[in-house]
Amino acid sequence: MQENKIEKQFPKNFYWGCSTSAHQIEGGLKNDWSEWEKSNKRLEELKNKNLNPLDFISDKASNSFENNNADIACMKDLHLNAYRFSLDWSRIEPEEGKFDESALEYYLHFVKKLKLNNIEPFVTLWHWPIPLWMRDKGGWESREIVFYFSRFTKKVVEYLNDEVDYWVTLNEPMVYSSMSYLKGFWPPQKKSIWAMMKVLKNLVLAHKQAYRVIKDIGQKNQVGIAKHNIYFEAYQNKFVNKFLKLMADWWWNNNFLQKIVDTQDFIGLNYYFHSKIDYGFGKAHVYNKISDLGWGLHPEGIYHVLKDLQKFAKPIYIMENGLADKGDQYRSWYIREILSNVYKAIKDDVDVRGYFHWSLIDNFEWAEGFHPRFGLYEVDFRTFERKARSSAEYYRDICKNNRIV
Ligand code: BGC
């Protein structure tokens with residue numbers, strides 16, 4: 001029998017899921033990000049690049065808020081037993097200290113529907129946008145956010161505690177702080193290492209405080225973050241490259257996790273990238289396959305990243321992994337290769353308990369707008385109809401049978 005035909009059975013009770021986030025799918029939001037999308041500065045930037053602003057304004061996004069049944073239908077079609085999504089803080093607390101009961105009710109109703117369909121909710125509390133009033137107080141640069149985020153967390157967790165056991169406090173703190181405060185690509189478009197450091201500090205504190213709040217409400221609650229880790233490899237194993245790899249591992253992959261090490265019940269991993277480090281910067285790695293966003297696809301990397309996370313001795317959930325692939329050329333291949341590597345890690349004693357594909361449906365991709373298509377389901381952004389891509393069929397077979405072939 002050929003190696004690639006061997007059946008790889010996953011552990012019993014493995015979570016097969018998909019991930020999304022509120023701002024990217026819900027529509028109808030008014031937060032710092034939606035305002036930035038429409039700001040003169042942003043419109044000017046787009047105009048200079050000859051781009052149509054409407055392709056970069058989230059507006060109705062994938063219309064999930066109005067019709068989340070359409071998303072649940074996709075989940076059922078896939079035989080998912082888990083779903084990771086985020087709540088939008090500005091929807092729940094549109095004004096400082098004033099919580100909108102109807103928004104909380106909406107999310108409660110949604111998780112109840114998931115449960116009725118045997119889909120375990122994994123709830124993200126913050127996936128990047130913040131309310132306008134919080135932005136006006138200085139956003140993540142302001143120490144006050146630690147208090148406000150924990151008050152928001154308390155309100156939400158008290159409301160959803162009976163239905164939800166898995167909580168993700170923060171999504172990708174390193175990505176957010178560097179894109180928004182160091183590189184200036186995302187709102188509030190700052191370019192300051194000091195601002196970034198301040199933001200990181202507040203994110204650490206906010207997570208720790210939120211962790212305590214969630215555990216106080218229910219000891220059964222499992223809390224973690226979704227951490228974007230990269231597989232750094234040293235080119236030709238040269239000494240200088242090995243040293244740079246160590247630095248990159250420390251700074252990008254480990255530092256944040258180590259700072260919150262005592263306040264995590266699981267490690268949430270988002271895996272998208274490999275980076276071959278070469279101090280000469282001359283020999284870029286050549287990838288056989290690249291995504292529509294030009295990202296080199298390197299599924300083997302997830303094995304190394306998982307092996308590295310083993311040191312934390314905690315259960316690991318792969319909270320995100322996927323690619324922009326409108327033509328669905330590589331998605332099934334990528335899922336298979338990724339999962340073969342996850343399987344290999346499990347065989348090597350890494351405690352992986354779930355895989356969440358990014359994403360369930362096509363959605364609004366932050367600064368890149370509607371063009372990148374990450375969905376297992378294609379979305380027609382005029383009618384909001386969802387249509388399975390062939391990779392959805394492929395993934396369904398895996399979720400249904402708890403194995404890859
Ligand atoms: C983010 C998602 C994003 C995805 C694809 C992740 O870094 O958490 O919100 O859509 O990458 O770029």
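Atoms within each ligand, like the ligands themselves, are counted from 1 in listed order.
Residue contact check: Glu172 has heavy atoms under 4.0 Å from atoms 1 (C), 6 (C), 7 (O), 8 (O) of ligand 1. Atom numbering of ligand 1 starts at 1 in the shown order; those under 4.0 Å from a heavy atom of Asn171 are 8 (O).
Checking Trp140, Trp89, Trp167 one by one against Trp126, the ring pair (Phe, Tyr, Trp, His ring centres under 6.0 Å) holds for a single residue, Trp140. Checked options Phe266, Trp16, Phe14; the residue passing with Tyr317 is Phe266 (criterion: ring pair (Phe, Tyr, Trp, His ring centres under 6.0 Å)).
The option from Trp366, Phe374, Tyr272 that lies nearest to atom 4 (C) of ligand 1, judged by heavy atoms, is Tyr272.
Residue contact check for ligand 1: Tyr271 places no non-hydrogen atom closer than 4.0 Å to it. Close to ligand 1: His127, with a non-hydrogen atom less than 4.0 angstrom away.
Protein heavy atom in closest approach to atom 1 (C) of ligand 1: Glu320 OE1, 3.3 Å. For atom 10 (O) of ligand 1, the nearest protein heavy atom (residue, atom name, distance) is Glu365 OE1, 2.6 Å.
Taking the centre of each ring, Tyr271 and Tyr231 stay at or above the 6.0 Å mark. Between His274 and Tyr287, the ring center distance clears the sub-6.0 Å criterion. Aromatic ring centres of Tyr355 and Tyr15 lie farther apart than the 6.0 Å criterion allows.
Contact annotation: for Phe273 versus ligand 1, there are no heavy atoms closer than 4.0 Å. Residue contacts with ligand 1 for Leu293 are absent, since no atom lies close enough (heavy atoms, distance under 4.0 Å).
Interatomic distance, CG of Asp325 versus NZ of Lys289, reported as 11.5 Å (0.5 Å rounding).
What you find for Leu376 and Tyr395 is that their closest heavy atoms are CD1-CD2, 3.6 Å.
For Ser21, no nitrogen or oxygen atom sits less than 3.5 Å from a nitrogen or oxygen atom of ligand 1, counting backbone and side chain alike.
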